[in-house]
2 protein chains.
Amino acid sequence: MSVTFADVEAAAVRLKGWAVETPLIESPALNDRIGGRVLLKAETLQRVGAFKFRGAYNRLVQLTPDQRARGVVAFSSGNHAQGVALAAKLLGIAATIVMPKDAPVVKVEATRGYGAEVRFYDRLTESREAIAAEIAQGRGSVIVPAFDDPHVIAGQGTAGLELARQAEALGVRLDVVAVPVSGGGLISGVALAVKALSPSTVIVGAEPEGFDDAARSLAAGERVVLKPATRTLCDALESPAPGEITFPIMQRTVGAMAAVSDTEVAAAMRYAFATLKLVVEPGGAAALAALLAGKVAVPAGGTVCVVLSGGNVDPDLFARAIRGEI
Amino acid sequence: MSVTFADVEAAAVRLKGWAVETPLIESPALNDRIGGRVLLKAETLQRVGAFKFRGAYNRLVQLTPDQRARGVVAFSSGNHAQGVALAAKLLGIAATIVMPKDAPVVKVEATRGYGAEVRFYDRLTESREAIAAEIAQGRGSVIVPAFDDPHVIAGQGTAGLELARQAEALGVRLDVVAVPVSGGGLISGVALAVKALSPSTVIVGAEPEGFDDAARSLAAGERVVLKPATRTLCDALESPAPGEITFPIMQRTVGAMAAVSDTEVAAAMRYAFATLKLVVEPGGAAALAALLAGKVAVPAGGTVCVVLSGGNVDPDLFARAIRGEI
């Protein structure tokens, strides 16, 4: 089962008027610092504060009336939960979200705020897949995967379609597009769209150090499953392996990967606060962190689009980041 | 000495390629809350993090070579300081800025970062006007007023020209434009542009409680000078009176004024952080605060553009605001 550029284009038609066409933001100060032109695709300004609404809506809007009546189930540490919850609300579908007990409070509250039922689980002793499967079986509900689903990937890809067209409207040829990576739903969708419209653009993925399953998988030529020994500030980027559907797309389209430390991520959040005036969550800042840390190769005077993929962050964590306490 | 719409149009030509054309940002969540359509003119994304760059650049770029050689002087608690400092740097002009000793650290550091010399003064015992005049006299420098200057007003007006044209491009007729008010440079410039292009749009100004000199002046039909008995969170909105040039423009163009409390301003900053994912400083959030507090009359289903005029805020203050400690 694969995903094509045509699927992304079809998703864009479905999302029109539902998803926000997020702006490409440019900062002269950031351009000066990088020595090139940086365009920020601010998915922080998307509905639910993250790109995840795109994929969730594209999946849910294609359910049959019968499927809609039986509700949907998803498991997620946060942004996918909110994306599914809001898409379900807009479509009149009941949603149950399985979330870890230690998910950021702001994400749990937002998910409930969209009317979804939240079922907590313990990361150490329970399987979220098993819990979701049990709920889905009981009600005949569809499970909405966070990334390894063609409709979800095509939906996320609309962010790439938008940024490519927005760059073209500015008369800009993109040398590089840099994207945070967890299971690969966003980067594979974005890469499908960008590569179709601009084949020479290099796609760069950014992962947290210790959670570099995508980089290792791409190097090995097969999906590597990590058993992370550490935690990361990037709660949104903790997937242990690329997906079965996302990985082959990444193999065809991703040019380079970068790993960023918690310190680099916090510095990027602080930079976004102080200079860009944007609220970015840790995982959402991974690609910006890689760029600021010099880990994204941009030709001198070249142009890079950085996807800021989400902005849902607890106030306490944000306060620590902007005060330089991380 | 007055200012016309043609002056704003001429300023826009001078600023093209120098000022950022800041986006109009829309949030479905905010639309739902207000029960209408809200377009946010994000001057937080302007160079120096506030609209002030527009007016400063429009003033400085019109200096003669001889005036440029003798440098400029300005006094400001912060954003005007940064605007003048950056415009001077870009034009190769030496700048001296007279700032209060208790100005936000972030604004002082940024002003120095643009290469300006900072001269501190004590709000209680010294006159910033006298200090600036002394420096200017010694060097033959031009003093760049923060608001009461035709070129400064015309420059700030380009934000209004942009938002009116951007709204038109979206096919939107603006019922209301809401703007933070201190000395009136921004609101008078914006009103000149918006009223020229859309005469029926109502211009609403927002001031801090206790610093409502513009509202009192408009009510009295003459400039009222306040001796504020309190402080305000909005360090950017502490002017004691409207300007001699700005006030007559405000009399002709401003439809209503609103006063907001520190609590309402902090709530707006928190809302901007949590829902809009935007960093807004207290004064920059005054019009949003008025809207969220129900102090801006918007027709049901109507459209309002809110100017977020600046985002330069110390991390400690921002942390307290988003944690609900103010």
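Residue numbering restarts at 1 for every chain, and letters A, B, ... go by the order of the sequence lines.
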Undergrad: Where on A:Val313 is there a heavy atom nearer than 4.5 Å to chain B: the side chain, the backbone, both, or neither?
TA: both
Undergrad: Going by residue number, which parts of residues 267-279 of chain B are within reach of chain A, meaning a heavy-atom gap below 4.5 Å?
TA: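 So far as heavy atoms go, B:Phe273, B:Leu276, B:Lys277, B:Leu278, B:Val279 are the residues that approach chain A to under 4.5 Å.
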Undergrad: Identify which of A:Asp316, A:Val106, A:Ile25, A:Leu86 forms the greatest number of heavy-atom pairs closer than 4.5 Å to chain B.
TA: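 Most heavy-atom pairs within the cutoff with chain B belong to A:Asp316.
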Undergrad: Could you tell me which of A:Gly311, A:Pro23, A:Ser27, A:Ala42 has the largest number of non-hydrogen atom pairs under 4.5 Å with chain B?
TA: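 Greatest number of close heavy-atom pairs with chain B: A:Gly311.
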Undergrad: Pick one of side chain, backbone, both or neither for A:Val20, based on which atoms fall under 4.5 Å of a heavy atom in chain B.
TA: side chain
Undergrad: When rounded to the nearest 0.5 angstrom, what distance separates OG1 in B:Thr22 from CD in A:Glu26?
TA: 13.0 Å
Undergrad: Please name all residues satisfying side-chain hydrogen bond (donor to acceptor under 3.5 Å, both in side chains) with A:Arg173, sequence neighbours left out, ordered by chain then number.
TA: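 Applying side-chain hydrogen bond (donor to acceptor under 3.5 Å, both in side chains) to A:Arg173 gives A:Asp175, A:Ser200.
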Undergrad: Take a 6.0 Å sphere around CD of B:Glu168 and say whether it holds more than 12 heavy atoms from other residues, nucleotides or ligands.
TA: no
Undergrad: Let me know if B:Thr44 has heavy atoms under 4.5 Å from chain A in its side chain, its backbone, both or neither.
TA: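 For B:Thr44, heavy atoms of backbone and side chain both lie under 4.5 Å from chain A.
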